[in-house]
Visitor: 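Before anything else, here's the structure in question.
Here is the naming used below: chain letters follow the sequence lines, and residue numbers restart at 1 for every chain. When reading the values below, keep in mind they use all heavy atoms of this one structure, side chains included, and skip hydrogens, waters and symmetry mates.
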Amino acid sequence: MLLPRWLLSDRAGLVMLAVLVILGVGVPILNLWVPPDHPLHVTSYTVALLGKYLCYALLAVSIDLVWGYMGILSLGHAAFFALGGYCCGMYLMRQIGTRGVYGHPDLPDFMVFLNWEALPWYWFGFDQFWFAALMVLAVPGLLAFVFGWFAFRSRVSGVYLSIITQALTYALMLAFFRNEMGFGGNNGLTDFKDVLGFSLQSDSTRVVLFVLSALALAGGYLACRWLVSTRMGRVLVAIRDSEDRARFLGYRVERVKALVFTFSAMLAGVAGALYVPQVGIINPGEFAPLNSIEAVIWVAVGGRGTLVGPVVGAVLVNYSKTWLTTALPEVWLFALGGLFVAVTLLLPYGLIGLLRRRRESAS
Amino acid sequence: MAPRPSFRAGLTGFALLLLACFAPLPAQAGDEELRATLAPLRAADFNTKAELVEALIAANHPRTVAILTAFTTNRLHYAAAFDRMVISADSAAEMTVEDAVTGEALGPVGRRDLDRITTNNRLRRLIGDRLAQLGLASADPQQRLAAVETFVRNPDPASAALLQERQTLETDPQIAAQLEAALALIDLTSADPAVRAQAAEVLGGRIPAEIRGRLMRVAADDPDATVRLAAQEALAKTELRLRLLGWAETLFFGLSLGSVLVLAAIGLTVTFGVMGVINMAHGELMMLGAYTTWVVQQWLPVNWSLPVAVPLAFLVAGLVGIAIERGVIRFLYGRPLETLLATFGISLILQQAVRSIFSPLNRAVAAPEWMSGTVMLGPLEVTLNRLVIIGFCIAVFTLLWLALQRTRLGLEVRAVTQNRAMARAMGVRTARVDALTFGLGSGIAGVAGVALSQLTNVGPNLGQNYLVDSFMVVVFGGVGNLWGTLVAGLSLGVANKLLEPWAGAVLAKILLLVFLILFIQRRPRGLFPQRGRAAEA
């Protein structure tokens with residue numbers, strides 16, 4: 001076969017990738033070329049919804065890389081997701097141009113509303129797609145590197161690290177809520193018109209975004225799968241299982257951790273950047289500590305340390321969320337809370353772990 | 001042999017008593033005499049009325065002040081029905097009146113049946129002066145103070161002699177200080193620049209707006225340069241004092257905010273610090289305490305609700321805590337990250353339960369009367385509820401400290417946290433101790449919730465808002481260290497209030513969070529790390 005060995009042995013991963021390919025090809029066909037009254041037609045709403053799930057799945061994969069393989073429970077990963085989203089949102093904001101309510105050529109509406117004279121320095125360059133795309137990787141990556149480097153070098157680990165990551169996203173949320181920050185305050189960035197000249201309202205743009213999300217997820221998954229199969233991946237697991245021993249064996253634990261943490265944050269940033277054009281808004285609520293913890297539970301439900309599990313968990317949990325919050329809004333938080341308790345008590349290895357155990361007991 | 005001190009004191013007291021009995025007092029007029037003095041008021045012209053006022057003062061009757069006050073406020077009337085002077089309670093069409101001389105209530109009388117004794121400005125000023133003089137001589141320090149304060153507001157050179165006379169007699173330091181201010185204000189109008197300069201110097205450092213206003217005018221307009229200089233120096237002194245007071249006020253606000261933080265975090269010190277359990281539902285236990293307060297207020301009058309709510313909130317939150325420990329946490333000991341997730345799930349369930357049972361909207365918890373209003377703390381005016389919170393925080397802290405250091409349970413808790421296996425070998429029932437410790441920490445969270453219900457909105461999100469803060473306090477102080485939590489909470493509170501004026505409330509909070517994130521990286525074990533064997537575990 002043409003596939004490398006590290007991928008060949010990953011059967012669950014191959015299944016998931018196959019499903020992604022089928023979705024990536026099938027959904028566009030069913031949406032664009034099957035007539036709307038046909039029973040197999042996929043509505044644009046569903047396309048956007050599925051795209052959203054795929055972005056969440058990529059976020060979950062990025063969390064699994066650091067939690068499942070390196071033992072770092074980050075309760076602030078949604079911060080990197082949201083930062084990526086804001087970078088993308090800033091680009092989309094600049095694309096609005098004179099079509100805003102106030103029709104100012106440079107300033108977004110909320111800045112005109114706040115009587116700002118000129119664009120703040122950190123908004124420069126975001127009218128260029130390549131610059132924004134670079135920032136989607138650079139901003140979350142830089143924050144994660146600086147934060148991780150200091151935290152890991154002073155050997156902050158375990159629950160302390162979890163709590164300060166939570167404080168980080170909480171602080172960012174408070175900061176982005178401020179109007180003076182220049183990111184639209186409470187309302188965030190919204191009212192986007194088009195991306196690279198293609199209207200965000202059109203079906204074909206939405207389908208392209210969906211396919212891009214599927215590609216990003218597949219790419220992110222493959223990158224993580226490759227990473228954990230290399231020698232470095234072994235070091236990651238060694239750090240997870242016994243950090244001190246890995247250090248005594250001569251590995252520069254803090255460098256490995258900072259590097260992988262940064263890579264994971266970049267993946268989360270990409271997920272956020274693809275998420276924003278599909279939902280049409282980014283606001284400081286995305287930084288809420290609850291979002292990060294919800295993302296962690298997707299990983300736990302699917303099974304951490306598997307990389308496939310988080311994808312399954314993210315899609316399943318979010319599908320039930322979509323369904324429950326419309327059908328039985330009262331029940332959703334009970335269900336989510338119950339899920340936290342049940343998964344930690346009964347399913348320590350998640351759904352994938354359950355499947356594996358069943359197969360082992362069968363053979 | 002000298003007499004014993006207590007005996008000597010008794011003797012002195014007796015001598016003073018005797019003296020008081022024989023001290024010459026102005027003769028007190030009887031009721032009939034007073035009635036006779038009042039009677040002509042009805043027909044008198046203003047000059048005669050002035051004389052009659054002097055006569056009333058001279059009569060030194062217990063009702064004099066009441067009658068004169070009524071006179072200046074247009075509430076003194078002649079009532080034909082009773083053929084005597086009466087005082088009305090208000091000025092409605094139908095008035096309840098009382099006998100001017102005896103104060104006996106005479107029932108409602110129509111306005112037409114009353115003949116009001118008229119006054120003019122001259123009379124009112126005269127009566128005001130005389131009342132102030134009466135007040136100056138009053139035996140009640142409160143009334144004397146009020147009288148002196150009227151002189152501070154309207155310094156009148158004519159009453160200087162009167163004030164000086166009082167100054168030689170006054171023993172109460174507060175009143176003496178006010179007298180000094182009143183005299184200095186009068187001296188500011190003196191023709192002699194030296195006297196004015198001296199007066200300005202005396203007035204330096206006094207806060208009241210009327211004194212500062214006078215000084216500012218003198219500093220700007222006085223014809224004499226030395227007086228202007230003296231006034232400017234005096235104003236600088238006042239400025240300094242004001243700034244010190246401002247700092248003291250910030251410190252107090254900071255301490256009260258810090259007390260809230262300590263209250264919120266102290267239960268966590270027990271569960272997280274002592275037991276090592278990350279309880280993300282801690283904030284929701286506080287929320288339960290706050291809702292307990294609300295429920296109690298539905299049944300009991302507000303003034304009585306808090307003493308009942310505190311123990312009840314402790315019980316409710318404590319029992320819920322024990323249920324959480326027995327139902328979930330005990331299966332997860334040694335797996336802190338899983339504990340964190342499971343307790344977070346519990347917090348979501350508790351939030352939604354409150355939302356379903358009560359309502360998603362905030363509930364209004366009333367503040368009892370005895371907690372509202374202000375109180376003077378030296379020169380500082382502080383709101384009573386903040387003071388109560390600080391006191392409550394100290395009380396809760398002391399009780400918890402005693403419980404951990406002086407009781408059997410506390411001993412067992414410390415034994416289990418230091419060396420679980422050894423404690424078990426010595427016969428400590430660790431499972432029971434775990435449950436009770438967790439219950440204790442949760443109960444304290446509930447008690448903190450009662451305090452929070454007096455400060456913020458009581459709603460389903462109450463707990464979430466304090467969760468990050470309380471973890472920060474515990475981690476900053478050093479895990480497992482009660483004193484560390486106290487110091488950390490109070491210093492974070494003060495730092496927050498110090499930053500607020502120039503950074504704004506939100507930015508101050510962000511700055512503190514960033515500071516804490518950096519701090520934990522420098523000292524991962526907090527301000528006061530645990531040392532010795534317990535730290536290794």
Visitor: Quick one: what part of Leu340(B) sits under 4.5 Å from any heavy atom of chain A, side chain, backbone, both or neither?
Guide: side chain
Visitor: Just wondering, more than 12 heavy atoms not from Arg245(A) lying within 6.0 Å of its CZ?
Guide: no
Visitor: Should the heavy atoms of other residues, nucleotides or ligands under 6.0 Å from CZ of Arg414(B) be counted, would the total exceed 12?
Guide: yes
Visitor: Heavy-atom distance under 4.5 Å to chain B: side chain of Trp332(A), backbone, both or neither?
Guide: neither
Visitor: With a 4.0 Å cut-off, would you call Lys497(B) and Glu500(B) a salt bridge?
Guide: yes
Visitor: Find the one option among Gly327(B), Ala353(B), Pro360(B) whose heavy-atom pairs under 4.5 Å with chain A are most numerous.
Guide: Ala353(B)
Visitor: For Leu75(A), is it the side chain, the backbone, both or neither that has a heavy atom under 4.5 Å from a heavy atom of chain B?
Guide: side chain
Visitor: May I ask you to decide if the ring planes of Trp294(B) and Phe358(B) are parallel, tilted or perpendicular, using 30° and 60° as cut-offs?
Guide: perpendicular
Visitor: What part of Leu348(B) gets within 4.5 angstrom of chain A, counting heavy atoms only: side chain, backbone, both, or neither?
Guide: both
Visitor: Is it the backbone or the side chain of Leu507(B) that comes under 4.5 Å from a heavy atom of chain A, or both, or neither?
Guide: both
Visitor: Test side-chain contact (heavy atoms from CB on, under 4.5 Å) on Ile63(A) and Trp298(A) and set out the steps.
Guide: CA-CA 10 Å; Ile63(A) 292 175; Trp298(A) 306 333; over 6 Å; no
Visitor: Where on Leu341(B) is there a heavy atom nearer than 4.5 Å to chain A: the side chain, the backbone, both, or neither?
Guide: both
Visitor: Is it the backbone or the side chain of Phe147(A) that comes under 4.5 Å from a heavy atom of chain B, or both, or neither?
Guide: both
Visitor: Quick check on Ile278(B) against chain A: is it the side chain, the backbone, both or neither that has a heavy atom closer than 4.5 Å?
Guide: side chain
Visitor: Check each atom of Phe150(A) against the heavy atoms of chain B and say whether the ones under 4.5 Å are side chain, backbone, both or neither.
Guide: both
Visitor: Over 60° means perpendicular and under 30° means parallel, so tell me whether Phe515(B) and Phe519(B) are parallel, tilted or perpendicular.
Guide: tilted
Visitor: Does this structure show an ion pair linking Asp244(A) with Arg155(A), if we count only N-O contacts that are shorter than 4.0 Å?
Guide: no
Visitor: Evaluate whether atom OH of Tyr122(A) has more than 12 neighbouring non-hydrogen atoms of other residues, nucleotides or ligands under 6.0 angstrom away.
Guide: yes
Visitor: Let me know if Val328(B) has heavy atoms under 4.5 Å from chain A in its side chain, its backbone, both or neither.
Guide: both
